[in-house]
Amino acid sequence: MTDWKTITVERRDRVGLITLNRPDALNALNLELMRELVAAASDLDADTGIGAIVITGAGKAFAAGADIKEMVDNDYVEMYAADWFSGWSRFTAVRTPIIAAVSGYALGGGCELAMMCDIIIAGDTAKFGQPEIKLGVIPGMGGSQRLTRAIGKARAMDLILTGRTMDAVEAERAGLVSRVVPADAVLDEAMSTAATIGSLSLPITMMAKEVVNAAYETMLESGIRFERRVFHATFATEDQKEGMSAFVEKRDPEFKNR
Ligand code: CO8
């Protein structure tokens, strides 16, 4: 059992639950938290007993951003040489589906972390934004790119240039958030969604995640060709035989993750 300092990690059946655990700092993402979160997510990703991961925040925030106190005195060379935030690339390399369960603030790096997840389920108290402009910086963990892709240039510019926050309803309307539920139900909703995903075939859910993500990285035609190749590849799995046979035989499938 790893002795985590800034997060907690639980396994509940086929779901891995990671809780950001610096509530006194509104779960601000310092370097230690980034390292622990990336390590925990990578561990869960390597565990074939885990079919989905949920990330949430302890206390009243998901995460209020990168840790400002840790960065305030750094100069350009320190930020560049240490390649701040490059660890997040390992997080986005995780192939197991990840759900962000967001209550309260998801600001700056917190919003960017939520956007690195595959599904965002928001409590009605959630507040999303990229307030870096008010600190004299700009988003540094992918926010200018992922927010723009998620909600379009006009809305992303509005948020990034003013630093204003949007509530859960606006975030859902804008397409950032998959679902909004009462704040006290957000973790249950995320866990049951993760359990649903975890009950399906792990290699196939990984492939589905990979092809959806390709929509952000490729032109339409090559994305469609990639999807077709991966679709064909699903026919090399036992789970395709099981899933389609179960439908034809009018029974529930028993996926073997093979
Ligand atoms: N970093 C460090 N500490 C924080 C952060 C943060 N991002 N956010 C909150 N805290 C701390 C506060 O300092 C306070 O600690 P203390 O009690 O020791 O003073 C504690 O958390 C509670 O916060 P508040 O008292 O401020 O709580 P409020 O409920 O009054 O306000 C807010 C909540 C509105 C969320 C407020 O805390 C806030 O504005 N936080 C900062 C939000 C922000 O600007 N986030 C963006 C950070 S920068 C970033 O994420 C990306 C950086 C990209 C840089 C690119 C470099 C390559």
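These numbers come from the heavy atoms of this one structure, side chains and all, not from hydrogens, waters or symmetry mates.
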*Side chains of M244 and F235: does their closest heavy-atom pair fall under 4.5 Å?*
yes
*Between I197 and V15, is any pair of side-chain heavy atoms under 4.5 Å apart?*
no
*Measure the CD-CG distance between E172 and D124 for me, rounded to the nearest 0.5 Å.*
11.5 Å
_How long is the straight-line distance from CH2 of W88 back to CE of M141, given to the nearest 0.5 Å?_
4.5 Å
_D67 (side chain) donor-acceptor with L29 (main chain) under 3.5 angstrom_ = no
*Okay, side chain of T196, backbone of S192: is any donor-acceptor separation there less than 3.5 Å?*
yes
*Reference residue I151; test side-chain contact (heavy atoms from CB on, under 4.5 Å); the match among M166, R146, M115*: M166
*side-chain contact (heavy atoms from CB on, under 4.5 Å) partner of F62, the single match among I55, L26, N27, L107*: I55
*Verify whether one side chain among T6 and E32 offers a donor that lies under 3.5 Å from an acceptor in the other.*
no
*By side chain to side chain donor-acceptor pair (under 3.5 Å) - contacts of T205 (at least two apart)*: none
*asked:* I'd like to check the side chain to side chain donor-acceptor pair (under 3.5 Å) partners of E217; sequence neighbours left out, ordered by chain and number.
replied: none
*Flag the pair R164 and E170 as a salt bridge only when some basic side-chain nitrogen lies within less than 4.0 angstrom of an acidic carboxylate oxygen.*
yes
*Does E242 come within less than 4.0 Å of K256, counting only side-chain N to carboxylate O?*
no
*With sequence neighbours left out, what residues match R95 under salt bridge (Lys or Arg N to Asp or Glu O under 4.0 Å)?*
none
